[in-house]
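Throughout, a chain's letter reflects where its sequence line sits, starting with A, and its residues are numbered from 1. All of these numbers come straight from a predicted model, not from anything done at the bench.
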Amino acid sequence: MRLSRYFLPILRETPKEAEIVSHRLMLRAGMMRQEAAGIYAFLPLGLRVLEKICAIVREEQDRSGAIEMLMPTIQSAELWRESGRYDDYGREMLRIRDRHEREMLYGPTNEEMITEIARAYVRSYKDLPLNLYHIQWKFRDEVRPRFGLMRGREFLMKDAYSFDIDQAGARHAYNRMFVAYLRTFARMGLKAIPMRADTGPIGGDLSHEFIILAETGESEVFCHRDYLDFPVPGPDVDFESVEGLAGIVGKWTSLYAATSEKHDAAAFAALPEAARVSARGIEVGHIFYFGTKYSAPMKAVVTGPDGVDRPMHMGSYGIGPTRLVAALIEAFHDDAGIKWPEAVAPFRVAILNLKQGDAATDAAAGELYRALAAKGVETLYDDTEDRPGAKFATADLIGIPWQILVGPKGLAAGQVEVKCRADGGRTMMTPAEALARFAS
RNA sequence: CGGGGCGUAGCGCAGCCCGGUAGCGCAUCUGCUUUGGGAGCAGAGGGUCGCAGGUUCAAAUCCUGCCGCCCCGACCA
């Protein structure tokens, strides 16, 4: 992409409404624009990151055996009356009426709808297990939206829903998602620690929040230091293996980890001093087993091998891709701007033409750009008339992992400079070497 | 929802107390000179001062109402 032809509205000054670093940087980097309180338009750069995140989420959901579909944003109030939540949900739910005065709502979540779909088609225990997910916009009319994408009202969510014949089956479904989440966040460069979460009226131990540690996190968290170095399952993990997954989940839940709501000060204090990590965290995922909470009242039943109908055991599993965009920035930034991990970066390489209009640099930079593009390397070519300093500032701000600086100084020696945004490391090499470095 | 604050050019702000028809920096446009860490000079364009009433000869400025947005708290993916 040629920057001169792109839509990247960089802000040099910080908008006053942005308080936390991810919000400031997203606005400054031209990733998004606020359209109303807690409601944002994604501009091209922001969309690229969001789609990278969704792609990883999707790959790991698919790998774990979940199946993608897509449910609507607008739902009928009828469904929610069946589960009893229409009255319970409160003012957070955006309620609307259509032209026939029918009561509708903008979905804050989809348990009712997925249960309706499952009960319509799933009849036999032979149809189970089943895990359906979608990535769809949600709306929760927060009293006080804040922190940009971190707590917006409209947000993108991946929500998966599992259906099983019994609790043992549901537990394995839960473990699948648990492991898929470990992999998903690790692929984005994040250390996400599963922490025991409130299970509400269902009870049990089958609810975990996945928390990443960040100085600007919204809540206080406490965990054992060993979690920071626990190995994440590889892509070859066998999701069909009940024992295998149970082993992984067992290990990842063996040590102390809790958010402030579930914090047990005494248990935490019992850990060795060096093992105690007390930090701030951001919730990026939440998994939950809730049994027959919806299937029973909504009569989502399957016939078992014994010929008896039973309500299905369900769980739901959420990841917030829009929140992850912000969380990633909270985790990866410095004073100059964002430092995207390669897996989610909007572009992998930025080429900076340091003397636009100079025949030699134009030719070298243009040639390198075309060669990288031909190799499928996502490249942003800064071919604008800006001075070098401005280009450095822009590239650092938007956080492209690799910058290739093409200027008269280096070209005099037949070289370009490759700079790593993450650690600031710089290497001189020939354009051909740079091409090989990224195109192989 | 309680408490606080702010709406003046794309962004950041001054002007408001003591009414007289709007200004600064950055950004934008033109020209020239510049070109390895947000360039310099010269010139130019851009604002129904959030909206609606009211007071007044005259309202960005005073009064009333409304809307929007932000921050703290309670709440939450």
Rounded to whole angstrom, note down the [atom1] distance from [N] over to [M].
{"N": "B:G37", "M": "B:C41", "atom1": "C1'", "answer": "22 Å"}
{"N": "B:A77", "M": "B:G68", "atom1": "P", "answer": "25 Å"}
{"N": "B:G7", "M": "B:C13", "atom1": "P", "answer": "9 Å"}
{"N": "B:C17", "M": "B:C63", "atom1": "P", "answer": "9 Å"}
{"N": "B:G4", "M": "B:U8", "atom1": "C1'", "answer": "22 Å"}
{"N": "B:G19", "M": "B:C75", "atom1": "P", "answer": "47 Å"}
{"N": "B:U30", "M": "B:G15", "atom1": "C1'", "answer": "31 Å"}
{"N": "B:U28", "M": "B:G12", "atom1": "C1'", "answer": "16 Å"}

Suppose we define a pair by two distances each less than 3.5 Å, Watson-Crick or G-U wobble; what does [N] pair with here?
{"N": "B:G7", "result": "B:C67"}
{"N": "B:A74", "result": "none"}
{"N": "B:C17", "result": "none"}
{"N": "B:C24", "result": "B:G12"}
{"N": "B:U56", "result": "none"}
{"N": "B:G36", "result": "none"}
{"N": "B:U48", "result": "none"}
{"N": "B:U30", "result": "B:A42"}

How close or far is atom [atom2] of [N] from atom [atom1] of [X], stated in whole angstroms?
{"X": "A:Arg144", "N": "B:G2", "atom1": "CZ", "atom2": "C1'", "result": "12 Å"}
{"X": "A:Arg153", "N": "B:G68", "atom1": "CZ", "atom2": "C1'", "result": "11 Å"}
{"X": "A:Glu142", "N": "B:C70", "atom1": "CD", "atom2": "C1'", "result": "16 Å"}
{"X": "A:Glu13", "N": "B:C13", "atom1": "CD", "atom2": "P", "result": "8 Å"}
{"X": "A:Phe147", "N": "B:C76", "atom1": "CZ", "atom2": "P", "result": "15 Å"}
{"X": "A:Glu283", "N": "B:C75", "atom1": "CD", "atom2": "P", "result": "15 Å"}
{"X": "A:Glu19", "N": "B:C70", "atom1": "CD", "atom2": "P", "result": "11 Å"}
{"X": "A:Tyr89", "N": "B:C76", "atom1": "OH", "atom2": "P", "result": "11 Å"}

Looking for any heavy atom pair under 4.0 Å, which part of the strands does [X] touch: base, sugar-phosphate only, or nothing?
{"X": "A:Glu17", "answer": "sugar-phosphate"}
{"X": "A:Gly152", "answer": "base"}
{"X": "A:Ala36", "answer": "sugar-phosphate"}

From the set [options], return the single nucleotide nearest to any side-chain atom of [X].
{"X": "A:Ala37", "options": "B:C72, B:C69, B:C1", "answer": "B:C69"}
{"X": "A:Arg146", "options": "B:G12, B:C71, B:A77", "answer": "B:C71"}
{"X": "A:Lys16", "options": "B:C26, B:C13, B:C75", "answer": "B:C13"}
{"X": "A:Pro15", "options": "B:G12, B:A74, B:A77", "answer": "B:G12"}
{"X": "A:Glu92", "options": "B:G25, B:A74, B:C76", "answer": "B:C76"}

Letter per nucleotide, 5' to 3', of nucleotides 32-47 of chain B [B base touched, S only sugar-phosphate touched, - untouched; heavy atoms, 4.0 Å]: --BBBBBB--------
Measure from the ring center of [X] to the ring center of [Y] and say whether it is less than 6.0 Å.
{"X": "A:His263", "Y": "A:Phe268", "answer": "yes"}
{"X": "A:Trp252", "Y": "A:Phe230", "answer": "yes"}
{"X": "A:Phe155", "Y": "A:Trp137", "answer": "no"}

Which of parallel (below 30°), tilted (30 to 60°) and perpendicular (above 60°) describes A:Tyr174 and A:Phe178? tilted
According to the interplanar angle, ranging from 0 to 90°, do the rings of A:Tyr40 and A:His23 count as parallel (below 30°), tilted (30 to 60°) or perpendicular (above 60°)? perpendicular
Between A:Val143 and A:Ile20, which is nearer to the 5' end of RNA chain B once each is assigned its nearest nucleotide? A:Val143
The complete set of side-chain hydrogen bond (donor to acceptor under 3.5 Å, both in side chains) pairs with one or both residues in residues 219-232 of chain A, sequence neighbours excluded, reads none
Show the numbers, then the answer: is there a side-chain hydrogen bond (donor to acceptor under 3.5 Å, both in side chains) between A:Ser76 and A:Glu78? CA-CA 5 Å; A:Ser76 162; A:Glu78 283 310 302; 5.4 Å; no
Looking only at side chains, do A:Asn353 and A:Asp362 share a donor and an acceptor under 3.5 Å apart? yes
Testing A:Tyr86, A:Tyr89, A:Tyr106 one by one against A:Trp80 for a ring pair (Phe, Tyr, Trp, His ring centres under 6.0 Å), which residue passes? A:Tyr89
Taking 4.0 Å as the cut-off, does a side-chain nitrogen or oxygen of A:Gln34 come that near to OP1 or OP2 on B:C70? yes
Using a distance-only criterion (donor-acceptor N/O pair, under 3.5 Å, no hydrogens), is the base of B:C76 paired with the side chain of A:Arg140? no
Return the set of residues passing salt bridge (charged side-chain N to carboxylate O under 4.0 Å, His left out) with A:Arg276 (not counting sequence neighbours), or none when no residue passes. A:Glu273
